[in-house]
Amino acid sequence: MISTAHTRPEREAMERSPAEQREHERRVVAEHYQHDVEIFSMVLDSRLAYATGVFVSPDEDLETAQARKFARIQAKLDIQPGERVLDVGCGWGSNLLYLAEHTQGEFFGITLSERQREEALRRARLAGVADRVHIDVKHIEDLALEPASFDVVLFSGSIVHMHNREEIHRTVARILRPSGRLLISDCYYPAEHRGDRESTATDYIFVEALGYCRLLHLSEELAFIERAGLDICHVEDLTSSYALTLERWIDNVRKNRRRIEAISPGFSRLLQQYMTVAKLSFARRTALEYMILATRGRPRAEAAWFPIVPRDKGVR
């Protein structure tokens, strides 16, 4: 299956070899996340989740929405004692450490940022879970993993930075054990063409702000997952929640502009500009946010596939 290139950065990526694109992602994506963690602590929630929360009311605060998202992921993945979990693009360890604190699994994370690794391991020590948390600075395509070596693979706000999706899903299917789970929470384009995907604003987010992003149609991602041999169990729309999450982040950038600028001149402007464009995109549904759950073979349980709370009616 060959996907259509939806943006200029994606067309340029298709002209590179897989090895060249991997090195490109390693260099340009890591740059954004190498900024001082103190900046992100002023913008994100206390666990430093750099992905959407789950809102059920537009009046909720960021901490509440992100706590619900962590609990939602835990319920869907149903991690049992001793199960092995791989968090690809683990960031500062938000999901990895929450799951380590609330289950008895064994956790492995990878990130492209050495600063993220250092912070995540520091937090693991403070949380008392360092003996079950292991993090490396690697690209997923660099991993040499045995078949059927993990029970869970998680991508939260990270797979969008990875171009070679078909090969990544083949890798995931190979390393998952029977009844293993794959969870993705990330951004997509609607199949109906909405908005200008070649705009300066789009380029700004995908290149200037975040280094490299590839937004597929949901149907393209699901097709790659299925062609790799996994079964789709559940898809949940979190688009309105992401618009609210971005609104909270933008408010935090504004409140802390002077402190952010003192640490990294110009970075508050970059954050506010790209987050504002992104918020408008999700509010207008020219971009969409989904959480996807898939399994390798027969799923172990079905109860956790569905939302823990009612659909977010009334959320902008």
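Just so it is clear, the structure is predicted and the values come from calculations on it, not from any experiment. Residue indices begin at 1 and follow the sequence shown. Hydrogens, waters and symmetry mates are skipped; everything else that's a heavy atom, side chains included, is used.
- Salt bridge status for R248 with D45: absent, with no side-chain N to carboxylate O gap under 4.0 Å.
- Between Y189 and F206, the ring planes are tilted. Angles from 30° to 60° get that label.
- Proximity of the aromatic rings of H32 and F267 is defined here by a centroid distance below 6.0 angstrom, and this criterion is met.
- Residues Y290 and E236 have side chains that never bring a donor and an acceptor to within less than 3.5 angstrom of each other.
- The pair R16-E23 does not count as a salt bridge, with every side-chain nitrogen at least 4.0 angstrom from each carboxylate oxygen.
- Using a 3.5 Å distance cut-off with no hydrogens or angles, the side chains of S113 and Q34 do pair a donor with an acceptor.
- Pairs passing the side chain to side chain donor-acceptor pair (under 3.5 Å) check and including a residue from residues 144-154, sequence neighbours excluded, read D151-R177.
- A pairwise comparison of heavy atoms in D186 and I159 identifies OD2-N, 3.1 Å as the closest pair.
- Ring orientation note: the planes of H6 and H217 are tilted relative to one another, at an angle of 30° to 60°.
- Contact annotation: the side chain of I292 approaches that of L218 to within less than 4.5 Å [non-hydrogen atoms, C-beta and beyond].
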Could you please spell out the steps behind the side-chain contact (heavy atoms from CB on, under 4.5 Å) verdict for I140 and F155? CA-CA 11 Å; I140 184 174; F155 298 83; 3.9 Å; yes
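- Taking each heavy atom of V43 and I260 in turn, the nearest pair found is CG2-CD1, 4.0 Å.
- In this structure, the side chain of T286 does not engage the main chain of R194 through any donor-acceptor pair within 3.5 Å.
- Taking the side chain as every heavy atom from C-beta outward, S241 and L244 never approach each other to under 4.5 Å.
- Side-chain atoms of S185 do not come within 3.5 Å of backbone N or O of S156 as any donor-acceptor pair.
- In this structure, CD on E247 lies 10.5 Å from CG on L280, to the nearest 0.5 angstrom.
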Could you walk me through whether H24 and H163 pass the ring-ring contact (aromatic ring centres under 6.0 Å, His included) test, one step at a time? CA-CA 10 Å; H24 179 74; H163 179 81; 9.9 Å; no
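- For R284, there are no salt bridge (Lys or Arg N to Asp or Glu O under 4.0 Å) partners at least two apart in sequence or on another chain.
- At least one donor-acceptor pair closer than 3.5 Å links the side chain of E20 to the backbone N or O of S17.
- Counting only heavy atoms from C-beta outward, the side chains of E38 and R259 approach each other to under 4.5 Å.
- Ion pairing between a basic and an acidic side chain is recognised when a charged N comes within 4.0 Å of a carboxylate O; D231 and R298 show no such pairing.
- Residues Y212 and Y188 do not share a hydrophobic cluster, clusters being chains of Ile/Leu/Val/Met/Phe/Trp/Tyr side chains in contact below 4.5 Å.
- Looking only at side-chain heavy atoms (C-beta outward), N95 and C90 stay at 4.5 Å or farther from each other.
- Taken to the nearest 0.5 Å, the OH atom of Y242 stands 13.5 Å off from the NZ atom of K279.
- By the side-chain hydrogen bond (donor to acceptor under 3.5 Å, both in side chains) test, E167 pairs with R170, sequence neighbours left out.
- Contacts of R122 classified as salt bridge (Lys or Arg N to Asp or Glu O under 4.0 Å), with partners at least two apart in sequence or in another chain: E119.
- When I184, L176, L183 are each tested for a side-chain contact (heavy atoms from CB on, under 4.5 Å) with V153, only one passes: L176.
- Formation of a donor-acceptor pair under 3.5 Å by the R68 side chain with backbone atoms of V54 is found in this model.
- Salt-bridge check for R285 with E192: failed, with every basic side-chain N at 4.0 Å or more from each acidic carboxylate O.
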What verdict does the side-chain contact (heavy atoms from CB on, under 4.5 Å) test give for R72 and K76, after you've listed the backbone C-alpha separation in whole Å, the side-chain angles of each residue and the deciding distance to 0.1 Å? CA-CA 6 Å; R72 181 78 56 90; K76 287 179 184 290; 3.7 Å; yes
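- E261 and S268 are linked by a side-chain donor-acceptor pair at a separation below 3.5 angstrom, with hydrogens and angles left out of the test.
- Between R47 and E63, none of the side-chain N atoms (NZ, or NE/NH1/NH2) sits under 4.0 Å from a carboxylate O, so this pair counts as no salt bridge.
- A salt bridge links R117 to E114: one of the charged nitrogens lies within less than 4.0 Å of a carboxylate oxygen.
- What you find for K69 and G53 is that their closest heavy atoms are CB-CA, 4.1 Å.
- Residues V253 and M42 are not in side-chain contact: their nearest non-hydrogen atoms beyond the backbone lie 4.5 Å or more apart.
- Distance OG/S281 to CE/M275: 13.5 Å, rounded to 0.5 Å.
- In terms of heavy-atom proximity, R115 sits nearest to H35 at NH1-C, 4.0 Å.
- No hydrogens or angles considered: a donor-acceptor pair under 3.5 Å links the side chains of D61 and T64.
- In this view, Y98 and F70, H102 satisfy the ring pair (Phe, Tyr, Trp, His ring centres under 6.0 Å) rule, not counting sequence neighbours.
- Between the side chain of E166 and the backbone N or O of A228 there is no donor-acceptor pair closer than 3.5 Å.
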Derivation and outcome, side-chain contact (heavy atoms from CB on, under 4.5 Å), residues L112 and H139: CA-CA 6 Å; L112 298 178; H139 193 288; 4.1 Å; yes
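- Counting heavy atoms from C-beta outward, L215 and V160 have side chains that approach closer than 4.5 Å.
- Applying the 6.0 Å contact sphere to CZ of R8 captures more than 12 heavy atoms from other residues, nucleotides or ligands.
- Across every non-hydrogen atom of W92 and L44, the tightest pair is CZ3-CD1, 3.9 Å.
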Any chance you could lay out the side-chain contact (heavy atoms from CB on, under 4.5 Å) test for I135 and F108, step after step, and finish with the verdict? CA-CA 6 Å; I135 301 174; F108 301 83; over 6 Å; no
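- Counting heavy atoms from C-beta outward, L270 and Y204 have side chains that approach closer than 4.5 Å.
- Between the side chains of T111 and K138, no donor-acceptor pair of N or O atoms lies under 3.5 Å.
- Between R254 and D251 there is a salt bridge, with a side-chain nitrogen of the basic residue lying less than 4.0 Å from a carboxylate oxygen of the acidic one.
- Residue pairs meeting the side chain to side chain donor-acceptor pair (under 3.5 Å) criterion with at least one partner in residues 127-137, sequence neighbours excluded, are E106-H134.
- Judged purely by atom type and a 3.5 angstrom limit, T103 has no side-chain atom pairing as donor or acceptor with the backbone of I79.
- Judged purely by atom type and a 3.5 angstrom limit, E60 uses its side chain to pair as donor or acceptor with the backbone of V56.
- Between Y33 and F40, the ring-plane angle classifies as parallel under the 30° and 60° cut-offs.
- For the pairing with H169, the side-chain hydrogen bond (donor to acceptor under 3.5 Å, both in side chains) check across R227, E226, E221 returns one residue only, E221.
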Give the intermediate values and the outcome of salt bridge (Lys or Arg N to Asp or Glu O under 4.0 Å) for residues D78 and R181. CA-CA 9 Å; D78 189 29; R181 285 84 73 204; 5.7 Å; no
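- When every heavy atom of V235 is checked against every heavy atom of I232, the shortest pair comes out as CG2-CG2, 4.0 Å.
- A heavy-atom distance below 4.5 Å is found between the side chains of L143 and L86.
- A centroid separation of 6.0 Å or more is found between the aromatic rings of W249 and Y274.
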